[in-house]
Amino acid sequence: MINRFDPHVVLAALKSVLPPKQSAVALHEPQFRGNELPYVKECIDTGWVSSTGKFVDRFERQLEEYTGVKRAVAVVNGTAALHICLKLSGVEDGDEVLVPTLTFVATANAVTYCKAIPHFIDSEVRTLGVDPFKLEMYLTEIAEVLHEGCFNMQTGRRIKAVIAMHTFGHPVDIEPLVDICNRFKIVLIEDAAESLGSYYKGRHTGSWGLCSALSFNGNKTVTTGGGGAILTNDEDIGKMAKHITTTAKLPHEWAFNHDMIGYNYRMPNINAALGCAQLEQLPGFLERKRALAERYKSTFVEIEDVEFFTEPEFARSNYWLNVLLLNNEDIDIRDMILEKTNSNGIMTRPLWTLMHKLPMFKQYPRMDLSTAENLEKRLINIPSSASLV
Ligand SMILES: *Cc1c(COP(=O)(O)O)cnc(C)c1O
């Protein structure tokens, strides 16, 4: 155990890995070195910038090919994708949805858009994602499985779904989770917003659940400016996802007819153009991100009391945002390191505030969250852009 950890040790280690830079080193920056400009120019030249166009279809087919799912539907952002995943999974007013407390706020927000209740669950240190074994014990204790589904005996509400979020690109231990979902009649949804290019036992994340959400926000591995996608292997859900995100309009040459309440969640063609160009470069991005992670790994092996987080043994991770874990739970040490690095032009960041601590989610049900709370005190994100190698 350390008494006084010198934050300069971490700063020096980061500096030894990162290229020298005039300006501050960001956490994650996009790179546009492919066909972005010609594709976007084509949209402008032809006038096809908005809600339909060939790049939207092309982007969806590219995503299907890359991830191996049957259907990808491009939408405005990852949060909208999650909203639709929940809706198409049958989440209704008053249902509970199991959500890791260790996630970005969008995961829990999307649950409330369906008037459902986020029920917070713990994560495991090995993956930073849902702990399937702890969840199984918890459900055995609090839930009963009836013909109509799984019910929380303490609240009387139905537990309709669980959202597995692949934290910083590292895959959740998904096989045992699939098994638990089947036994408890709970729908599995994946928040794969951070894990494009990450695989669990050779199969892409986002292809395990009934449906899943990707994000192409500016800080993600691939960006469309803002954007997202719904992935599914279920034909009906795929069809419905396209329909409901495009105002539920019935196809017709000139008439405007809609057969249900829909959403205007479609991705504009100009954003999809960016996405097509970015996806072409994804293998290169992943290679460089992995090379950066390797450098961090070999540097931090030498440093006592700080661990560089590496992919679980069953996974191949995209290393979206790199992670340091401090051995010490003293939050002052974490903050000293954050202060030292940020004031020296290297951007670092603590974990998101856990969901059950946010004012709007405080009152919702939760299990023991001790592992997430422990991780919150020890975790630091460090610069991860593909451009850093
Ligand atoms: C980025 C992100 C989202 C939301 O994506 P947006 O495109 O920003 O709406 C959802 N969940 C997680 C875990 C994310 O990291």
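The shown structure was predicted, so the numbers you read here are calculated from the model rather than taken from an experiment. Every heavy atom of this structure was used, including side-chain atoms; hydrogens, water molecules and symmetry mates were not. Start at 1 with the first residue, then count along the sequence. One-based numbering, in listed order, for ligands and for the atoms of each.
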Under 4.0 Å from any heavy atom of [X], which atoms of ligand 1 are there?
X      : value
Gly227 : 7 (O)
Ala193 : 2 (C), 3 (C), 10 (C), 11 (N), 12 (C), 14 (C)
Asn77  : 7 (O), 9 (O)
Met165 : 13 (C)

Would you check whether [X] has a nitrogen or oxygen atom less than 3.5 angstrom from a nitrogen or oxygen atom of ligand 1?
X      : result
Thr103 : no
Gly78  : yes
Trp320 : no

Legend entry - Asn35 (side chain) donor-acceptor with Ala277 (main chain) under 3.5 angstrom: no

Say whether [X] and [Y], considering side chains only, have a donor N or O and an acceptor N or O under 3.5 Å apart.
X      : Y      : value
Asp368 : Ser370 : yes
Ser123 : Asp131 : no
Asn269 : Ser50  : no

Nearest protein heavy atom to [atom], by residue and atom, and its distance?
atom                    : answer
atom 15 (O) of ligand 1 : Glu194 OE2, 2.5 Å
atom 11 (N) of ligand 1 : Asp191 OD2, 2.8 Å
atom 5 (O) of ligand 1  : Ser215 OG, 3.2 Å
atom 1 (C) of ligand 1  : Lys220 NZ, 1.5 Å

Inset, instruction - Decide yes or no for Phe361 and Thr112: does some side-chain heavy atom of the first lie under 4.5 Å from some side-chain heavy atom of the second? - result: yes

Inset, instruction - Compute the minimum heavy-atom distance from Ala81 to ligand 1 and say whether it is under 4.0 Å. - result: no

Inset, instruction - Grab the two heavy atoms, one from Ala143 and one from Ile159, that are nearest each other, plus how far apart they are. - result: CB-CD1, 4.5 Å

Legend entry - Other residues, nucleotides, ligands: >12 heavy atoms within 6.0 Å of Glu175 CD: yes

Inset, instruction - Would you mind telling me if ligand 1 is within reach of the side chain of Thr79, the backbone, both or neither, using heavy atoms under 4.0 Å? - result: both

Inset, instruction - Evaluate side-chain contact (heavy atoms from CB on, under 4.5 Å) for Glu96 paired with Thr155, printing each intermediate quantity in order. - result: CA-CA 10 Å; Glu96 290 182 12; Thr155 62; 2.7 Å; yes

Inset, instruction - Have a look at Ser384 and tell me which of Asn318, Asn219, Asn322 forms a side-chain hydrogen bond (donor to acceptor under 3.5 Å, both in side chains) with it. - result: Asn322

